[in-house]
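One structure is given below, encoded as structure tokens.
Proteins get letters first, then strands, A, B, ... in listed order; numbering begins at 1 in each.
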There are 2 protein chains.
Amino acid sequence: MKSVNIKDIARIAGVGVATVSRVINHHPDVKEETRQHILKIIEEYNYIPNNSARYLKRSESNDIGIIIKGIYNPLFAEMMQKIERILSQVGYTVMLHHHMDMAIRDMDVAQEFVKEKRLKGLICLGGDFEDVQTDEVRQMGVPMILTSALQNSSLDRNVYSSVGIDNEVAAFEIVDYLCTVGHQKIGIITTGEHDQSIGGRRTQGYMRALATHDIPKVDERFEVGDYTFESAYLAMKRLLEKAPDLTAVFAISDIMAIGAARAIREVGKTIPEDIALAGFDDIDYAAFFNPPLTTVKQPLETLSETTAELMIALLEDRSEHEHMMLQTTLKIRKTT
Amino acid sequence: MKSVNIKDIARIAGVGVATVSRVINHHPDVKEETRQHILKIIEEYNYIPNNSARYLKRSESNDIGIIIKGIYNPLFAEMMQKIERILSQVGYTVMLHHHMDMAIRDMDVAQEFVKEKRLKGLICLGGDFEDVQTDEVRQMGVPMILTSALQNSSLDRNVYSSVGIDNEVAAFEIVDYLCTVGHQKIGIITTGEHDQSIGGRRTQGYMRALATHDIPKVDERFEVGDYTFESAYLAMKRLLEKAPDLTAVFAISDIMAIGAARAIREVGKTIPEDIALAGFDDIDYAAFFNPPLTTVKQPLETLSETTAELMIALLEDRSEHEHMMLQTTLKIRKTT
DNA sequence: AACGTTACCGAAAACGTTTCCAATGATTAG
DNA sequence: CTAATCATTGGAAACGTTTTCGGTAACGTT
């Protein structure tokens with residue numbers, strides 16, 4: 001089971017190990033002839049350098065961590081796969097850490113993960129980083145990219161990157177659309193109200209749109225779920241109970257919109273005639289839902305690519321930390 | 001940026017590095033008092049052993065690879081996450097390798113992955129392993145678990161494990177159900193016919209059900225997609241064209257069933273009155289589809305758990321290679 | 001009192017790389 | 001022709017662990 005190592009290659013090729021190492025690492029200072037010879041032997045013996053040894057020596061890995069908090073969002077899974085693909089193309093490996101433990105600070109998880117795995121970079125899909133300190137991030141010593149913008153004024157923005165969308169604006173746009181087509185009594189199924197989480201920001205967009213159209217805020221039109229079908233189904237039932245005169249509902253995720261749809265149909269109302277329905281994310285399913293769901297499209301592809309490219313640039317020192325807001329687009333389909 | 005290592009701990013604790021190593025690795029032969037003392041220092045200095053060094057020395061890692069092949073199947077993403085959770089609880093790390101390259105042999109990808117990352121075990125979600133040789137698997141030197149049973153008679157079954165469902169039987173059951181409720185003209189949207197792939201097996205179940213009910217096989221009722229909404233939508237359109245008298249359709253994945261539904265509605269037919277529709281997988285969407293989709297439930301939870309547990313058992317030498325077929329269940333909902 | 005056990009511990013040799021340093025021969029400059 | 005530079009190479013020292021191999025001290029047994 002013992003595999004061939006650099007010494008074997010060196011011995012077989014009749015050169016020193018240093019030269020072999022140079023060839024492996026594409027150092028320029030080795031004669032072309034020698035290089036070819038060594039390359040041939042490497043090929044022939046199917047030699048693959050031992051990563052543990054390389055990492056040990058270089059005191060770093062080639063691994064980039066992705067932390068996903070909570071499974072609820074199918075977008076995360078997709079982003080992860082796309083990011084993985086790009087990163088692995090240029091030689092990095094991604095290590096996954098998925099957790100749902102709401103009790104523990106996400107920054108602590110991140111630090112532990114980076115340190116234990118000797119990660120070279122960290123990408124966080126979701127999670128709450130509102131309370132992190134500049135020093136904590138700096139201490140981690142590796143580039144960190146968050147996929148959700150945060151409003152943490154005490155955190156130095158030159159110490160991490162972020163790429164995401166403007167949740168407040170995107171939510172505003174779709175609710176604004178709902179208003180302009182005549183809806184006055186618009187419910188919302190969200191995850192929070194005043195905080196800076198994704199759900200909080202979207203709720204704030206909803207409220208601003210209402211305010212813009214001089215629609216008063218009424219508490220009965222507000223309900224909370226946890227990004228699952230089931231929770232939204234239940235939330236919608238409560239909404240229907242509390243505010244039977246609703247003409248439209250904005251759910252802050254497609255999943256929740258679809259969950260809500262079931263509750264709406266169960267009381268015999270139709271979409272969009274009796275109640276219009278809008279989601280958020282534009283997951284694949286949205287367009288194939290019956291009827292096709294009006295929603296906000298997250299630029300998934302760009303989001304993933306940008307994140308991956310930025311990480312690579314950061315690692316190669318070709319870039320400073322950046323904060324990007326990507327454009328969302330309204331997808332007006334048949335539920336409104 | 002230099003972090004504390006085992007020598008530092010040893011020096012600070014006033015012991016030899018060997019003793020510290022023993023403590024870290026839970027060896028019994030160290031005095032309780034000394035152990036506590038060292039533990040305290042480790043805690044205090046926030047020492048985390050360098051994995052590269054450990055792996056180098058032990059010439060193995062604690063990493064388990066998961067390979068996901070191909071089209072984005074929401075089931076795979078979920079399984080992966082569940083497996084990750086269990087494995088990480090007992091101290092393993094999972095490394096992800098996601099690829100869609102249809103041109104390359106899956107077994108070659110697997111071998112390369114295991115070797116390069118020094119993996120301790122490998123789990124393959126999807127992929128085609130029909131042509132692998134016993135020696136190839138053996139040569140890999142680590143336990144491998146496939147999540148789809150295969151019909152490869154030349155491959156020694158004691159050399160790998162598998163946990164999955166009986167695709168042929170499950171497909172038979174749902175099509176049989178379709179027949180017993182009176183359908184005669186049943187279309188299928190699948191991915192293949194005669195091969196031993198997942199799609200192939202399900203097609204074979206479909207055909208056996210038909211045969212059992214003395215329904216002749218007619219080629220016009222057969223169409224192919226690639227597990228995406230879009231492809232199934234197109235396939236269904238062709239089916240509607242070729243066989244306008246269809247009264248039921250079996251799509252071998254829920255995603256494809258949902259894609260097909262759109263085509264059906266587009267020609268003005270209703271589900272299930274005009275055409276009954278059955279899927280496969282029971283993804284979350286299925287129950288919340290409109291109308292709720294009849295399908296075959298894959299025991300996702302059990303599948304993931306069993307796979308993870310088996311891997312752990314295999315690694316700890318508590319188990320031989322096993323081949324498990326898990327039960328599926330018919331979920332009769334509103335599309336049939 | 002001598003001996004064998006046992007419990008505990010440290011020194012040092014690996015593990016497979018990368019990289020610094022020095023060495024060689026060849027080439028160019030003066 | 002000599003000195004200086006250059007291109008190319010190999011030796012050997014790290015990187016941070018684990019583990020083998022003894023060694024010491026304490027103890028119980030004759």
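A/Arg85 pairs by the side-chain hydrogen bond (donor to acceptor under 3.5 Å, both in side chains) definition with B/His98, not counting sequence neighbours. Not counting sequence neighbours, the partners of B/Lys120 by the side-chain hydrogen bond (donor to acceptor under 3.5 Å, both in side chains) test are B/Asn62. A/Asp63 meets the salt bridge (Lys or Arg N to Asp or Glu O under 4.0 Å) test with no other residue; sequence neighbours excluded. For A/Arg105, the side-chain hydrogen bond (donor to acceptor under 3.5 Å, both in side chains) criterion is met by A/Asp108, A/Asp131, A/Glu136, not counting sequence neighbours.
Pairs passing the ring-ring contact (aromatic ring centres under 6.0 Å, His included) check and including a residue from residues 299-322 of chain A, sequence neighbours excluded, do not occur.
Between the CZ atom of A/Arg35 and the P atom of D/dT8 there is a distance of 10 Å, rounded to whole Å. Going from atom CD1 of B/Ile9 over to atom P of C/dC9 covers 17 Å, rounded to whole Å. With rounding to whole Å, B/Lys31 atom NZ is found 10 Å from D/dA26 atom P. Taking atom CG of residue B/Asp29 and atom P of nucleotide D/dG23, one finds them 18 Å apart after rounding to whole Å. Distance CG (B/Leu56) to C1' (D/dA14): 13 Å, rounded to an integer number of Å. Taking atom CG of B/Asp8 as the reference point, atom P of D/dG16 lies 8 Å away to the nearest angstrom.
B/Ser52 comes within 4.0 angstrom of nothing in the nucleic acid, heavy atoms only.
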Any N/O pairs under 3.5 Å between the protein and nucleotides 17-22 of chain D? List them or say none.
| from | atom 1 | to | atom 2 | distance (Å) |
| --- | --- | --- | --- | --- |
| D/dT17 | OP1 | B/Tyr47 | OH | 2.9 |
| D/dT17 | OP1 | B/Asn50 | N | 3.2 |
| D/dT17 | OP2 | B/Ile6 | N | 2.6 |
| D/dT17 | O5' | B/Tyr47 | OH | 3.2 |
| D/dT18 | OP1 | B/Asn25 | OD1 | 3.3 |
| D/dT18 | OP1 | B/Asn25 | ND2 | 3.1 |
| D/dT18 | OP1 | B/Arg54 | NE | 2.9 |
| D/dT18 | OP1 | B/Arg54 | NH2 | 3.1 |
| D/dT18 | OP2 | B/Ser21 | OG | 2.6 |
| D/dT18 | OP2 | B/Asn25 | ND2 | 3.3 |

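Close to C/dC9, at under 4.0 Å from its OP1 or OP2, lies a side-chain N or O of B/Thr34.
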B/Asp156 and B/Arg138: salt bridge (charged side-chain N to carboxylate O under 4.0 Å, His left out), yes or no, with the steps?
CA-CA 10 Å; B/Asp156 183 346; B/Arg138 198 172 275 144; 3.7 Å; yes
